[in-house]
Amino acid sequence: MANNHNHDHGCGDYLSRRNVLAASGGLFAWSFVPKFAHAAQGRDPRFVTIILRGAMDGLSAVAPVGDPDYVALRESIALSTTGDNPAFPLDGFFALHPAMPQFARLYKAGQAMVVHAVATPYRSRSHFDGQDCLESGYEKIIANIDSGWLNRALQALPKGEHVTSAPGIGIGSTTPLILRGPSPVLGWAPPALPKAGPDLSGRVLDLYAHRDRDLYDALAAGLKVDAISSKAGMDDQLKARGNDIEQMKIAAIGAARLLATQDGPRIAALSFNGWDTHANEGGASGRLAQLLGGLDNALLAFEQGMKPVWKDTTILVVTEFGRTAKVNGTVGTDHGTATVAFLVGGAVKGGRIHADWPGLKTANLFEDRDLAPTTDLRSVFKGVLADQWGLSNTVLSERVFPGSTGSPPLRGLIV
Amino acid sequence: MTNAASQKADLGQIATRRFGLGARPGELRMVASDPRGYVVKQLSNPKSALLIDPELPSSDIIFRNQRKNQDLIKRGRDTEARSMTPSSSIPFLGQTKSTIEGTANTTALNSMLNSDSPMQSAVRSSNEKPKAQKQYQELIYETEAAARFARWASTDTPFLERLVAFWMNHFSVSIGKNGFVTAATGAFEREAIRPHILGNFETMVLAVEQHPVMLIYLDNNLSVGPNSRGGIKGARGLNENLAREVLELHTLGVDGGYTQADVTALARALTGWVYADPANDDVFGGKFRFAPNRHEPGDVTILGKTYPDGEKEQGEAALRDFARHRATAHHIATKLARAFVSDHPPATLVSRLQTAFLKSGGDLAVVTRVLVEAPEAWGAPNNKILSPFEFVASSVRAADVPPDPRPLLNALNALGGALWKAPSPNGYPIDSATWLAPENIIMRLDVSYEFAHRARIKLAPEDLATSVLGSQISAETHQAMMRAESREQALALLFMSPEFQRR
């Protein structure tokens with residue numbers, strides 16, 4: 001092609017140009033596919049990693065209602081197991097956010113569990129670097145990170161004779177870092193043009209308010225927001241437009257179908273946006289509740305879409321770090337450290353919470369502000385890879401998570 | 001930063017944004033030592049505006065293929081119809097899905113991506129409705145679009161692409177007209193616009209008004225002189241559409257001083273300007289043809305000048321005069337200044353452009369040079385909002401959004417600037433007011449979000465911002481980007497920032 005800036009992605013560009021696949025909601029390949037082995041014990045496991053971008057507030061997703069300092073820290077957004085819209089008690093100490101009834105049901109059925117007070121080694125509270133650390137699986141942030149731990153895990157899987165499809169699939173328009181690397185993976189993006197959610201809309205509006213009157217007026221009118229209304233009023237109206245919530249379900253439905261296919265991928269990565277709740281986070285209801293409700297519906301979509309293989313499925317839900325223990329001046333929370341991780345699926349040894357609880361007294365908070373981490377998130381990743389995929393400790397500590405010898409795999413996560 | 005350095009940096013912005021398609025990372029650095037020179041130098045390279053591509057044939061071949069395709073469909077030979085490729089003049093029979101050369105692995109990949117595999121069924125049901133295979137005209141249109149997106153993404157003469165877009169919009173045609181126009185509009189641009197952007201305006205006018213795509217779009221292929229042989233026999237008569245738009249839009253402009261009588265007279269002169277039937281004619285089919293049977297006999301008088309009875313030279317002579325007319329000079333000068341510099345351009349600039357146009361006899365190289373060397377152009381504040389095409393091109397260049405045709409065509413549609421589909425022969429508005437409308441800004445938000453997720457750029461967002469906006473990045477935009485919840489969100493904020501949206 002004259003003047004075609006051809007990137008070396010192997011057959012990816014060629015395929016999309018030749019329109020072998022349906023429109024923009026296509027299945028695309030990043031490279032040629034390797035052979036793929038049966039996993040441990042003759043089972044055929046599925047592993048989904050969902051990344052919540054923006055730092056999900058773990059203290060609100062699974063509230064330590066039994067902790068004496070909890071209510072004072074969280075003031076008006078504290079959850080309770082009594083009254084209107086009560087949280088689901090999980091054990092005597094923790095309660096699950098009321099927006100997650102599907103997770104509550106799966107927890108009762110032993111197919112969902114929580115890991116609390118968990119974090120990666122990263123401590124500097126920047127979204128970009130935090131997400132890079134989460135996805136790369138590296139100890140430290142380096143320049144030009146070129147691969148993610150899930151891709152390196154794929155590389156390390158024992159090769160077999162059974163020739164099938166590419167084992168890994170990234171959901172979204174580009175492959176997330178967690179799946180980038182030498183091992184070839186597929187990609188799938190939902191067909192519709194996703195709409196920017198209230199979080200982005202609000203940030204742009206804010207930017208225009210300080211910089212460009214005409215753009216502000218136009219955007220505000222477009223968002224049907226009164227230009228001089230208060231911030232709180234604006235948020236309510238912005239909520240009505242947002243589509244971060246629907247996108248979760250759409251992505252989950254698509255991914256589930258692909259993962260359930262006999263010849264399909266076995267490992268998937270998705271990310272959901274909108275979790276950076278600095279203002280008006282809400283307690284039992286509000287912005288975070290909406291997001292958690294969306295996540296809950298996505299988990300249900302996975303359960304329904306993967307019925308035939310649900311018993312071999314593990315879904316891991318993680319975020320780059322948590323949020324401040326104390327609510328801030330705009331009824332929200334700021335960047336923190338430790339948070340929760342969820343495991344959901346028929347392969348999960350669920351119905352329990354793994355938490356070495358450090359407490360919420362100021363002296364026990366990390367840097368006097370954040371829930372302190374007592375479990376390394378990499379141990380959770382390693383636990384799934386070891387038990388479900390048969391990867392050895394050596395491989396996990398040297399190739400997949402280099403430098404993580406000090407954080408052994410958390411065992412017993414998988415049935 | 002000293003004043004001189006920041007001055008230069010702003011000139012870099014003007015060089016890449018006012019007179020470009022937005023900077024690719026690193027382009028600002030390249031431009032920094034001589035921003036004006038960077039733009040002027042592009043003018044000495046008119047050939048790089050051409051678009052030669054083995055997959056993109058000439059308009060007459062496209063017309064003939066389109067006709068063949070329609071015939072096949074009419075006769076129910078759908079499979080053959082759907083296996084036509086852009087440049088084929090014979091439908092390929094028995095061609096199956098594209099196969100990829102390679103190892104055994106590719107067979108596995110192929111079979112998985114084959115439309116009958118379980119994977120594809122899964123994908124299809126995920127996509128909700130199965131998509132019909134493309135017809136020839138859609139296929140060509142997308143191939144042309146892909147070539148444009150690739151060109152915008154990688155060109156080293158972005159100013160020339162801006163000129164192409166300006167003139168293509170000035171001589172606007174719409175693919176909505178019919179299948180032939182859908183198929184051949186890209187060829188129209190390649191043949192009638194690109195070769196002439198720095199040539200003589202008169203030459204461009206003749207190339208445009210004799211191009212079969214324009215003749216169809218403005219219905220001249222239906223126009224018949226009432227006293228011509230064809231007119232006397234048949235029921236059809238004069239169609240004034242082309243003549244009106246030639247005077248109102250292409251040359252003199254709406255205030256150019258022509259009358260209705262002039263329009264009708266020109267319409268008579270242009271009768272017989274048609275194209276050869278693409279059916280069953282593999283030599284001339286689809287090419288411009290003068291049809292004497294339809295041409296209105298007799299002299300015509302337009303704007304006080306009489307053009308004697310003749311064949312196509314009658315109309316050609318009139319067009320040449322319009323191309324050099326004082327009102328045309330004013331019209332073009334005003335449009336250039338409004339499109340490139342400001343919605344309310346300084347009178348001095350318009351006047352200088354107009355004089356250059358008149359004195360040079362419509363030499364666009366001369367006129368364009370006056371534009372890019374104008375102190376008004378380099379001093380004007382960034383008040384214009386990027387048009388949809390400029391916005392898409394800038395995002396693609398800045399963040400390495402893949403130039404895949406479908407998503408970018410969808411984005412242009414969503415932004416109200418569908419490629420070659422302006423709702424009227426006026427073309428898309430060149431003032432910013434339309435793009436500032438609330439519903440258009442909202443769509444920019446969604447498109448920014450999508451682009452941010454498809455961008456392949458590996459630079460950290462703040463480095464990218466500096467790389468493409470230089471010193472113009474405001475503290476507020478920088479802070480908003482640094483506080484974004486993800487890299488994608490930071491990119492979306494960059495695309496939506498006032499510094500990115502205005503030039």
Side-chain angles (χ1 to χ4, degrees), chain A residues 1-5 11 14-27 29 32-33 53-55 127-128 131 144 163 165 172-174 188 191 193-196 199-201 203-204 206-208 210-212 214-215 218-219 221-223 253-254 257-258 261-264 273 275-276, chain B residues 52-53 55 97-98 100 102-103 105-106 108-109 112-113 117-120 122-128 131 134 146-147 150-151 153-154 403-404 406-407 410 414 436-439 441-442 445-446 448-450 453-454 456 458 460 474 476-477 480 484-487 489 492-493 496-498 501:
Chain A
M1 276 287 287
N3 297 305
N4 195 5
H5 200 93
C11 62
Y14 178 88
L15 286 177
S16 68
R17 274 207 65 224
R18 285 289 167 188
N19 286 305
V20 170
L21 315 161
S24 63
L27 191 66
F32 300 111
V33 302
R53 297 195 190 280
H127 288 302
F128 310 154
Q131 287 165 24
N144 304 320
V163 179
S165 50
S173 312
T174 52
W188 177 75
L193 181 72
K195 285 191 177 20
D199 190 38
L200 176 60
S201 310
R203 290 175 195 248
V204 177
D206 209 52
L207 178 59
Y208 288 167
H210 294 108
R211 293 284 312 167
D212 195 310
D214 285 341
L215 283 174
L219 183 59
L223 293 169
I253 291 173
R257 276 212 193 96
L258 296 170
T261 316
Q262 185 57 27
D263 279 334
N273 303 320
W275 300 85
D276 194 23
Chain B
I52 317 286
D53 186 321
E55 277 206 12
K97 297 277 174 299
S98 311
I100 309 151
T103 68
N105 286 333
T106 68
L109 181 63
M112 182 186 57
L113 295 173
S117 73
M119 273 294 261
Q120 270 296 4
V123 171
R124 270 204 299 277
S125 45
S126 304
N127 293 345
E128 283 153 48
K131 200 162 188 291
K134 294 195 191 330
R151 171 64 66 93
S154 64
D404 301 332
R406 247 311 123 195
N410 290 344
L436 264 177
E439 59 275 13
I441 293 291
I442 286 291
L445 191 57
D446 290 337
S448 296
Y449 181 76
E450 199 213 359
H453 281 266
R454 294 183 53 239
R456 294 183 292 208
K458 296 283 194 286
S474 67
E476 291 89 341
T477 299
E485 73 165 8
S486 64
R487 286 225 163 72
Q489 196 183 69
L493 287 164
M496 288 303 289
S497 69
Q501 287 291 330

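Throughout, a chain's letter reflects where its sequence line sits, starting with A, and its residues are numbered from 1.
Heavy atoms closer than 4.5 Å to chain A are found nowhere in A460(B), neither backbone nor side chain. Contact annotation for L207(A): only side-chain heavy atoms (C-beta onward) come within less than 4.5 Å of a heavy atom of chain B.
Pairing each heavy atom of A492(B) with each of L200(A), the nearest pair is CB-CD2, 3.7 Å. Scanning both residues, A221(A) and P438(B), for their nearest heavy atoms gives CB-CG, 3.6 Å. Taking every heavy atom of both residues into account, P498(B) and L215(A) meet most closely at CA-CD1, 4.0 Å.
Without hydrogens or angle criteria, Y208(A) side chain to S497(B) main chain gives no donor-acceptor distance under 3.5 Å.
For R203(A) and Q489(B), the side-chain atoms include at least one donor-acceptor pair closer than 3.5 Å.
For T477(B), the side-chain hydrogen bond (donor to acceptor under 3.5 Å, both in side chains) partners are S474(B), E499(B), not counting sequence neighbours. By the side-chain hydrogen bond (donor to acceptor under 3.5 Å, both in side chains) test, E485(B) is found to be paired with no residue, residues two or more places apart in sequence or in another chain being considered.
Atoms CE and CG, from M496(B) and L219(A) in turn, are 6.0 Å apart once rounded to the nearest 0.5 Å. With rounding to the nearest 0.5 angstrom, the OG atom of S486(B) is 9.0 Å from the CG atom of D276(A). Annotation: the span from D199(A) atom CG to Y449(B) atom OH amounts to 9.5 Å, rounded to 0.5 Å.
Note: A484(B) leads A484(B), S448(B), A437(B) in heavy-atom pairs under 4.5 Å with chain A. By number of non-hydrogen pairs under 4.5 angstrom with chain B, the leading residue of R53(A), R211(A), H210(A) is R211(A).
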Exercise for the section: Dump the intermediate steps for side-chain contact (heavy atoms from CB on, under 4.5 Å) on H453(B) and N273(A), then the final yes or no. Expected result: CA-CA 11 Å; H453(B) 281 266; N273(A) 303 320; 3.3 Å; yes
